[in-house]
Number of protein chains: 2
Amino acid sequence: MRNIKMIVSYDGTKYYGFQTQPIGNTIQDIIEQALQVLTGEKISITASGRTDAGVHARGQVFNFITMSPIPIERWALALNSRLPRDIRIQRADEVSLDFHSSHFAIRKTYRYSIDTNKFADVFERHYRFHYPMPLRVLEMREALSKVVGEHDFTSFASQRSTKPTHVRTILDVRLEEDVGKIDIFVTGNGFLYNMVRIIVGTLLWVGEGKITAADFERILQAADRSAAGPTAMSHGLVLWEVEYE
Amino acid sequence: MRNIKMIVSYDGTKYYGFQTQPIGNTIQDIIEQALQVLTGEKISITASGRTDAGVHARGQVFNFITMSPIPIERWALALNSRLPRDIRIQRADEVSLDFHSSHFAIRKTYRYSIDTNKFADVFERHYRFHYPMPLRVLEMREALSKVVGEHDFTSFASQRSTKPTHVRTILDVRLEEDVGKIDIFVTGNGFLYNMVRIIVGTLLWVGEGKITAADFERILQAADRSAAGPTAMSHGLVLWEVEYE
């Protein structure tokens with residue numbers, strides 16, 4: 001019995017999110033089908049967490065138990081040859097049998113990308129939220145810094161969240177501006193449902209001058225979803241990296 | 001009567017190239033249909049040149065004659081609202097009636113992109129040719145420099161070329177290397193059919209060590225298509241910029 005850990009990148013445009021759904025067409029379904037073709041086993045994979053419909057991943061992590069004797073250096077290539085081109089295994093490692101992609105994750109990083117061009121960049125249209133307004137970037141950066149540390153993130157969690165606590169710790173944030181684009185990176189020990197997208201939706205209020213960075217901090221402290229901005233579009237979000245001990 | 005010049009970017013993945021074909025589904029068809037909806041006129045557009053199936057454009061240029069009184073600053077937005085998301089007008093200008101997008105073009109730049117990662121970058125899969133071999137980049141750069149100047153480019157032209165002369169002048173070349181990618185820029189006063197793609201196919205021979213930069217130069221001098229490398233895949237090519245006086 002072996003426990004195989006894989007890092008996978010995917011373009012989420014065509015899929016109904018990562019996790020298996022009755023309606024099908026999820027990343028998990030596609031990977032499990034390819035694993036079955038490759039190994040002849042019915043394999044269930046465990047990911048670091050789900051991603052929503054339209055959300056992408058650069059470095060999602062999953063693991064699975066198998067009896068297959070395939071040498072570890074062959075797994076990625078063998079599985080890729082059975083996967084569609086919008087899902088690519090980046091690496092495979094054999095790990096101890098107790099490893100669990102979700103329970104063992106200590107840090108996750110998401111990137112949210114905004115296309116600030118007047119007319120959208122066609123090559124980034126599936127990966128950046130087109131928002132052609134003048135944005136006050138310094139004020140956005142100031143606001144973003146307020147989420148660092150341990151906070152109750154109820155204001156930035158979907159009202160459909162069923163988690164017993166909304167306290168999470170954000171370890172690092174970064175806002176990078178370039179010609180025609182803004183990339184927002186958020187690293188934390190865990191995230192609530194829609195958390196990064198609601199943070200970004202509220203940051204865009206700051207960018208447009210509807211609220212100040214101080215208002216943004218008050219919204220965080222209010223622990224009230226209705227105080228925050230809208231949930232930014234899913235296609236701007238990428239699960240960038242998952243880190244383990 | 002007005003002559004309108006537009007700069008357009010498009011993702012060529014889904015289209016049978018730029019120029020109208022009996023089978024339809026070309027960039028030109030889609031733009032002319034949108035112009036007809038917008039103006040009520042049957043408009044024919046003239047581009048700086050065609051691009052093949054699967055080839056993209058960042059800055060293709062076209063122009064057309066119209067009687068429409070639409071103010072020049074409204075054209076781009078109005079047309080974009082009638083175009084699919086993989087075609088975006090970037091700007092519109094009113095030009096003198098004698099302006100012709102092809103005849104007046106003095107320089108064109110193409111970019112060819114190679115994804116050198118072991119496993120393909122899913123977000124660039126439609127825009128970079130995945131070529132996961134170790135490449136001798138310095139030797140490639142040396143070979144590329146040989147095309148600068150006025151040459152008979154018969155070696156690097158499709159045998160289907162019907163041009164009376166294969167002499168063209170390459171004004172500038174640039175090879176940029178970054179983690180997991182190589183971008184090759186070629187600027188010239190004109191290009192033959194498949195010219196950039198055959199140059200790149202031959203450069204990849206240099207990169208793999210099959211031939212040297214000196215061999216590459218001899219291939220250029222031979223004026224013989226059969227001496228050169230294969231035509232690199234269309235999806236790595238972007239018509240980057242067209243320049244006018």
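Chain A is the first sequence line, chain B the second, and so forth, proteins listed ahead of strands; every chain is numbered from 1. Side-chain atoms are counted along with the backbone in the values below, which use heavy atoms only and exclude waters and symmetry mates.
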- Looking only at heavy atoms, the pair that brings Phe119(A) and Ala76(B) closest together is CZ-CB, 3.5 Å
- Query: Non-hydrogen atoms of chain B under 4.5 Å away: do they reach the side chain of Leu77(A), the backbone, both or neither?
  - Reply: both
Short donor-acceptor contacts under 3.5 Å linking chain B with chain A:
from: Asp11(B); atom 1: OD2; to: Arg125(A); atom 2: NH1; distance (Å): 3.0
from: Arg85(B); atom 1: NH2; to: Arg125(A); atom 2: O; distance (Å): 3.0
from: Arg125(B); atom 1: O; to: Arg85(A); atom 2: NH2; distance (Å): 3.0
from: Arg125(B); atom 1: NH1; to: Asp11(A); atom 2: OD2; distance (Å): 3.0

